[in-house]
Amino acid sequence: MKCYPVPRENLVLSIDNLKDDIPEEYLSHKECYENVIRKGSVLYDIFSELSKDRKHKAHQAPSNAYRISDGIMQNVNPFLLHFALFVPAITNQATPEQQAEFLKHGFGIIGTYAQTELGHGTFLRGLETTATLDLETDEFVLNSPTLTSYKWWPGGLGHTANHCVVMAQLYVKGKCHGPHLFFVQIRDIETHEPLPGLKLGEIGAKMGFNTADNGFLGFHNFRIPRNNMLMKNSQVLKDGTYVESKNEKLTYGSMVFVRVYLLSDMAYMLARAATISVRYSAVRHQSHIKPDEPEVQILDFVIQQHKLFISIATSHAFKICGLWLWQTYSKVMEDIGKGSMDRLPELHALSCCLKTTSTRDAGWLIEQCRLACGGHGYLMSSNLPSLYTTATAAITYEGESTVLLLQTARYLIKSWKRAMEGESLPATVSFLSEYFNKRYNKWENTPKGIVDGLKLVVAGVTKMCAESIQKHVSRGQQYEEAWNSSSVQLIKASEAYSRALLCEVFWFEVDKVSSTLSNNLAVVLKQLAELYITYWALEKRGDLLVYTTISKDDLDKLQERYEELLALIRPNAVGLVDSFDIRDEILCSTLGAYDGRVYERMMEHALKSPLNAETVNQSFHKYMKPVILKHKI
Ligand SMILES: CCCCC/C=C\C/C=C\C/C=C\C=C\C(=O)SCCNC(=O)CCNC(=O)[C@H](O)C(C)(C)COP(=O)(O)OP(=O)(O)OC[C@H]1O[C@@H](n2cnc3c(N)ncnc32)[C@H](O)[C@@H]1OP(=O)(O)O
Ligand SMILES: Cc1cc2nc3c(=O)[nH]c(=O)nc-3n(C[C@H](O)[C@H](O)[C@H](O)COP(=O)(O)OP(=O)(O)OC[C@H]3O[C@@H](n4cnc5c(N)ncnc54)[C@H](O)[C@@H]3O)c2cc1C
């Protein structure tokens, strides 16, 4: 057996079998998949060895290895779901005995998370796949009763995974107990053939994520042992007794894990886009500022700084908030382990709005980085198009953005009602009580003043939502109808809440650690945090004018300070993206390479196009020439 010493980035990236002779964009759909399985299998082998060598908790790919695979795959790793959802679902939702049983083959199995169906992705209570207990055989019988009940989208499901965790409606003695999770083998380990009673395949080409092997799966009287229901939170006993969970939403726990993780993931996606576009903007000379001087680096245009520096700041904001949210997640999981569910609604609300804002912001900011690179940003070799299509998928997967924001809005409205009844609120929403009791300050043009102002916007919009719902109810609508009628404002409340959270956590976490940093580092980090907060104060000036005591003069001063911050950050801009420390083999960009040899790399990459293997393509003689000669005058 090949034995890898503990890999370092250098070692992994030096493995020849992980290099591409032909850029991925020139491969067919099928070749792309086969190529990524080739590379993914080498990495999977390394992770397996690593987990043995390093006593890693079984099956958890070390995050740095996950980052390395980002560079090697360039596109998405079809084994991603194994680490991101399949294993976490088992460790989060199965009993210890089941975990030992289901994961006894270690890296010998490859899993995915099969929840979404052709007909349902958001509304989980509407999922149609059924798991019906057969008391006589002590088994569950899985079925896909309709075409719309086919599992559709799970990553790796088409041709990669041989196991999956399936979400299905649990039926016991004719009664439906709602969605539950089941451990299911779907392919033979040796032959990889689909097991009898299953229909498996991939769902076809997508806007991006084309190596994720998203697949479909249909069940026809497919039997699994009763013990294959993940039974940590709820159980089905041998006699058919159903023991319900302390909180039925614990079944949704695996999604919370990924939503929390995505904040950090988006920090990394943005760091890559910022590195590419800022380095390119330092190399690219175009046009003049002073007519009698040479063409300038485009990074000297203040509007270019306005386009790009927010991405540097946002990457740090997401990184810092991602750590804060991860700590919250870990604490809540610890509480749940001790039987307390008190903070689960808060964690759900935080993860919903922060996942949504981070994925949406990563999307439009990566696009802004691409556009800031002109035509060359449109080349696949810049890697900006792939970063964009990969990042924007996250706005939809793991919970569609609108739907998750409405979940946070649900929590805000409930918290507002508790504030009105004088109840104490968790720290993350206690400002609602302050607002309700009219305890808030006049506007201050400081980072703290901006954070307080953004919180006033949240409170004001939340109050407006509550009043809107009440108005519709008083006009005869049911609560749910009134909720729907108010949903435009409810989304606004959640968006404002998420922004206020990001600004608050970013500023105060940086402020908290700044005394432990070298003066220079503290100064630069605070400049980035202040730039982020000031940027969003200016973006949300309308709301601030409505809900706070900010004046036109305050806004003018904020604009001035914002432009000062751009000038202060300019000298450090390249150093700041270099400090993301993303090596060329992982950045995969002709525009963003550390040595700045942009034009040489662009030409080297262009010559790899199969079309450049010959000076005249055969289609000239086959198709063009007859037409040209026929119409030649
Ligand atoms: C090595 C690590 C690598 C990490 C890799 C990083 C990135 C890549 C990873 C994966 C990407 C690729 C694959 C993607 C996978 C997927 O997309 S998996 C499928 C994702 N699908 C969803 O997210 C579905 C979204 N829908 C829902 O969650 C529910 O349907 C919804 C919450 C919208 C509604 O649920 P429902 O049962 O109808 O609840 P209600 O609206 O009636 O009631 C809401 C109450 O329930 C509480 N609640 C809801 N969800 C949760 C939860 N998850 N946890 C806790 N509590 C929850 C909510 O607080 C409400 O409570 P109250 O009644 O208000 O008290
Ligand atoms: C790249 C990618 C990878 C994926 N990987 C997986 C995977 O590995 N495993 C898996 O199980 N799933 C996976 N998914 C599926 C993903 O989880 C779903 O697409 C997502 O949950 C959204 O559900 P949907 O597609 O049914 O959209 P829908 O829920 O049908 O949404 C369509 C529109 O309806 C709106 N809408 C829906 N409900 C409401 C509401 N209550 N109020 C207001 N508006 C509403 C939405 O806002 C949206 O605008 C993946 C998806 C993508 C794109």
Side-chain angles (χ1 to χ4, degrees), residues 47 59-67 69-70 76-89 111-127 148 151-157 161 164-167 178-179 203 206-210 212-215 217 247-266 268-269 332 336 341 343-349 351-352 355-356 359 389-415 480 483-484 487-488 490-491:
F47 292 165
H59 322 288
Q60 278 189 336
S63 57
N64 65 321
Y66 170 66
R67 287 286 165 252
S69 67
D70 247 351
V76 179
N77 184 341
F79 299 121
L80 172 65
L81 263 292
H82 178 85
F83 299 110
L85 270 163
F86 174 73
V87 172
T112 184
Y113 183 81
Q115 173 177 294
T116 302
E117 295 172 357
L118 200 52
H120 286 90
T122 285
F123 187 55
L124 298 184
R125 285 186 286 135
L127 290 174
T148 50
K151 292 303 175 186
W152 187 278
W153 273 112
L157 181 61
C164 59
V165 166
V166 175
M167 188 173 278
I203 65 173
K206 302 170 288 279
M207 161 179 172
F209 247 68
N210 273 303
D213 180 32
N214 301 94
L217 165 62
N247 179 326
E248 63 172 7
K249 303 306 178 191
L250 289 173
T251 306
Y252 298 172
S254 312
M255 294 176 272
V256 180
F257 162 75
V258 176
R259 290 170 191 156
V260 168
Y261 186 90
L262 280 170
L263 203 51
S264 308
D265 204 42
M266 291 303 123
Y268 175 67
M269 297 291 279
V332 172
I336 290 173
M341 311 280 168
R343 291 192 65 193
L344 187 57
E346 178 191 8
L347 173 66
H348 171 55
S351 60
C352 282
K355 180 263 185 188
T356 297
T359 52
T389 55
T390 303
T392 48
I395 301 171
T396 305
Y397 69 58
E398 221 53 69
E400 195 278 328
S401 61
T402 305
V403 167
L404 295 190
L405 286 174
L406 288 169
Q407 287 290 307
T408 300
R410 183 176 172 133
Y411 178 73
L412 288 174
I413 293 296
K414 289 201 164 192
S415 301
E480 289 74 11
W483 177 269
N484 188 37
S487 52
V488 174
L490 288 164
I491 292 291

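Remember, it's 1-based here, ligands and their atoms both numbered in the order they're listed. Numbers for residues simply follow the sequence, beginning at 1.
An N or O contact shorter than 3.5 Å links Lys249 to ligand 1 by distance. Below 3.5 Å of separation, one finds no N or O of His120 facing any N or O of ligand 2. By the 3.5 Å distance cut-off applied to N or O atoms, Thr116 is counted among the residues near ligand 2. At least one N/O-N/O distance between Gln115 and ligand 1 falls below 3.5 Å. Here's the thing with Leu406: none of its N/O atoms is less than 3.5 angstrom from an N/O atom of ligand 2. Looking at ligand 1, you won't find any N or O of Tyr261 less than 3.5 Å from one of its N or O atoms. Among the atoms of Gly399, some N or O lies under 3.5 angstrom from an N or O of ligand 1. Between Trp152 and ligand 2, not a single N/O pair is under 3.5 Å apart. In terms of polar-atom proximity, Gly155 is counted as a contact of ligand 2, with an N or O under 3.5 Å from an N or O of the ligand. Here's the thing with Tyr397: none of its N/O atoms is less than 3.5 angstrom from an N/O atom of ligand 2.
At a heavy-atom distance under 4.0 Å, no atom of Glu400 approaches ligand 1. In Leu81, the part holding a heavy atom less than 4.0 Å from any atom of ligand 2 is the side chain. Looking at Arg259 against ligand 1, only its side chain comes within 4.0 Å, counting heavy atoms. Counting heavy atoms under 4.0 Å from ligand 2, residue Trp153 touches it through both backbone and side chain.
Residue Thr396 has at least one heavy-atom neighbour below 4.0 Å for each of these atoms of ligand 2: 19 (O), 20 (C). Heavy-atom contacts of Thr402 reach the following atoms of ligand 2: 47 (O) (cutoff under 4.0 Å). Within the listing of ligand 2, atoms 1 (C) sit less than 4.0 angstrom from a heavy atom of Ala393. Atoms of ligand 2 lying under 4.0 Å from any heavy atom of Phe209, numbered from 1 in the order shown and given with element: 1 (C). Here is the list of ligand 2 atoms found below 4.0 Å of a heavy atom in Asn214: 3 (C), 4 (C), 5 (N). Short contacts between ligand 1 and Leu262, defined as distances under 4.0 Å to a heavy atom of the residue, involve ligand atoms 7 (C).
Remark: distances from the non-hydrogen atoms of Gly121 to ligand 1 include one below 4.0 Å.
Atom 30 (O) of ligand 2 is never approached by the protein to below 4.0 angstrom, counting heavy atoms only. For atom 34 (O) of ligand 2, no protein heavy-atom neighbour is present inside the 4.0 Å cut-off.
Annotation for Leu404 and Gly399: closest pair CD1-O, 3.3 Å, computed over non-hydrogen atoms.
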